[in-house]
Amino acid sequence: MENSEIPGHEPADGADEAVPTRRRMLALGAAGVSAALTIRPAFAQTAVSVMNCEIPVPGPTGAGRYIDPNGKLVPPGTKGAFPGSPRPFTGEQVKRAFRGQTLPGATRDQSQAYLQYIRRLQAGQSGFTCFASIQMPR
């Protein structure tokens with residue numbers, strides 16, 4: 001047996017510290033397998049949560065305001081603008097709408113205005129994290 005595998009044996013000088021022992025290599029390998037097994041289900045869970053996350057249109061700070069065709073919040077009753085959606089959209093619904101479908105309960109023009117609003121979301125606004133996560137490639 002090598003000296004580096006003898007329990008309680010400390011190398012005489014610091015030169016052997018850079019060379020890992022078999023025991024340490026096995027422990028690192030086991031930790032790597034464990035990490036891989038835990039990360040994979042996390043990716044699946046993330047994919048599911050991304051599709052179920054919600055984007056309110058407009059967010060709480062814009063409640064009662066309308067959305068113009070460019071996705072900007074405007075005063076209620078503005079010509080050509082649409083009232084906000086009565087309920088938030090899921091990440092899956094928004095993802096489908098970006099591929100050409102209309103958002104549930106919205107006309108084509110309304111849907112386009114809502115998507116413009118969603119595209120304009122910035123960090124800190126309600127729904128931004130959901131929007132950012134559906135934009136990430138998997």
Side-chain angles (χ1 to χ4, degrees):
M1 210 191 293
E2 292 180 18
N3 286 343
S4 61
E5 293 180 343
I6 299 172
H9 174 75
E10 296 294 322
D13 60 3
D16 288 339
E17 289 179 22
V19 180
T21 65
R22 286 186 204 146
R23 183 174 294 155
R24 178 166 287 172
M25 293 298 286
L26 287 171
L28 289 172
V33 168
S34 171
L37 293 175
T38 11
I39 291 172
R40 190 162 292 198
F43 282 138
Q45 183 178 4
T46 301
V48 169
S49 66
V50 164
M51 295 302 113
N52 292 324
C53 64
E54 294 184 336
I55 303 174
V57 178
T61 58
R65 305 211 38 211
Y66 278 35
I67 300 165
D68 75 4
N70 295 321
K72 294 181 183 177
L73 292 177
V74 295
T78 301
K79 187 176 179 180
F82 305 97
S85 173
R87 64 176 185 78
F89 299 107
T90 66
E92 181 64 31
Q93 291 168 333
V94 171
K95 196 169 189 174
R96 278 190 244 135
F98 278 127
R99 292 183 185 146
Q101 294 183 7
T102 57
L103 289 165
T107 65
R108 176 151 305 280
D109 290 338
Q110 253 181 325
S111 190
Q112 290 305 308
Y114 292 168
L115 290 176
Q116 286 296 86
Y117 171 83
I118 292 168
R119 283 185 185 101
R120 298 171 64 88
L121 287 174
Q122 296 179 359
Q125 288 182 294
S126 188
F128 174 77
T129 304
C130 182
F131 171 61
S133 60
I134 64 174
Q135 297 299 309
M136 292 180 147
R138 274 185 264 274

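Hydrogens, waters and symmetry mates are skipped; everything else that's a heavy atom, side chains included, is used. The first residue of the sequence shown is numbered 1, and numbering continues consecutively from there.
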- Item | Minimum side-chain heavy-atom gap R65-P83 below 4.5 Å | no

- Query: Hey, are the side chains of P75 and Y66 touching, using non-hydrogen atoms and a 4.5 Å cut-off?
  - Reply: no

- Distance, nearest 0.5 Å, that separates CD of Q93 from OG1 of T102: 10.5 Å

- Can you check whether Q122's main-chain N or O pairs, donor with acceptor, with Q125's side chain at less than 3.5 Å? yes

- Message: Treating D68 as the side-chain partner and N70 as the backbone partner, does any N or O pair qualify as donor plus acceptor under 3.5 Å?
- Response: yes

Any chain of hydrophobic side-chain contacts (each under 4.5 Å) joining [X] to [Y]?
| X | Y | value |
| --- | --- | --- |
| L115 | L121 | yes |
| V74 | I118 | no |
| L73 | F89 | yes |

Which heavy atom of [X] sits nearest a heavy atom of [Y], and at what distance?
| X | Y | answer |
| --- | --- | --- |
| I67 | A113 | CG2-O, 3.7 Å |
| A63 | P58 | N-CG, 4.3 Å |
| S111 | Q101 | OG-O, 4.2 Å |
| Y114 | G84 | OH-C, 3.5 Å |
| Q110 | F82 | CG-CD2, 3.2 Å |
| P56 | E54 | CD-O, 3.9 Å |

- Task: Return the orientation label for the F98 and F131 ring planes: parallel under 30°, perpendicular over 60°, tilted otherwise.
- Result: tilted

